[in-house]
Amino acid sequence: MTIDEASERYQIPMEVLKEYESWGLCGAVKKVMGVWQCDEEDLKRLSLIMTLHDVGFAPEEVEEYMRLALEGDKSREERLRMLNERRGAALDEIHLKERKLERLDYLRYKMQKSGM
């Protein structure tokens, strides 16, 4: 599958594909007659990369995570630490938004009660 086909079929932004290629983490990705090709393993890695981007990992963090993932079980604890760190950050964001909602609800309540 070419880079254009992978981008279109799996809705992967071209910059993510080029980023992946630049990291040198590609398995069977190779140039065939000047055209970028990838296999199923590459697509699995790209899916993981998209998930990491979607949950808020910075590009450098994605690269670090993917390098660790290639090490297999020996990097499991470090990858779990990274995921737990991102989860904690997401929870912090949720709690901040909950506090904002509580304030908005309080202001709405006060306005409705006073007839303002």
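These numbers come from a predicted model, not from an experiment. Positions are given from 1 along the sequence.
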[X] and [Y]: which non-hydrogen atoms are nearest, and at how many Å?
X     : Y     : value
Ala69 : Ser75 : N-OG, 4.1 Å
Leu48 : Met66 : CD2-SD, 3.7 Å
Met50 : Pro13 : CE-CD, 3.5 Å

If the threshold is 4.0 Å, N to carboxylate O, is there a salt bridge linking [X] and [Y]?
X     : Y     : answer
Arg76 : Asp73 : no
Arg67 : Glu71 : no
Glu78 : Arg81 : yes

Contact between [X] and [Y] at the side-chain level, heavy atoms closer than 4.5 Å - yes or no?
X     : Y     : value
Phe57 : Met82 : yes
Ile94 : Glu98 : yes
Tyr65 : Ile49 : no

Using side-chain contact (heavy atoms from CB on, under 4.5 Å), reason through Glu102 and Asp105 one step at a time and then give a plain yes or no.
CA-CA 5 Å; Glu102 287 171 4; Asp105 287 345; 5.7 Å; no
Rounded at 0.5 Å granularity, tell me how far [atom1] in [X] sits from [atom2] in [Y].
X      : Y      : atom1 : atom2 : answer
Met14  : Glu8   : CE    : CD    : 9.5 Å
Lys113 : Lys110 : NZ    : NZ    : 7.0 Å
Glu64  : Glu61  : CD    : CD    : 7.5 Å
Arg87  : Asp92  : CZ    : CG    : 11.0 Å

Under 3.5 Å: donor-acceptor pair, side chain of Arg86, backbone of Leu52:
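No, the answer is negative, given that no donor and acceptor are paired below the 3.5 Å cut-off.
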So Tyr109 and Leu104, side-chain contact (heavy atoms from CB on, under 4.5 Å) or not? Walk me through it.
CA-CA 9 Å; Tyr109 167 78; Leu104 283 168; over 6 Å; no
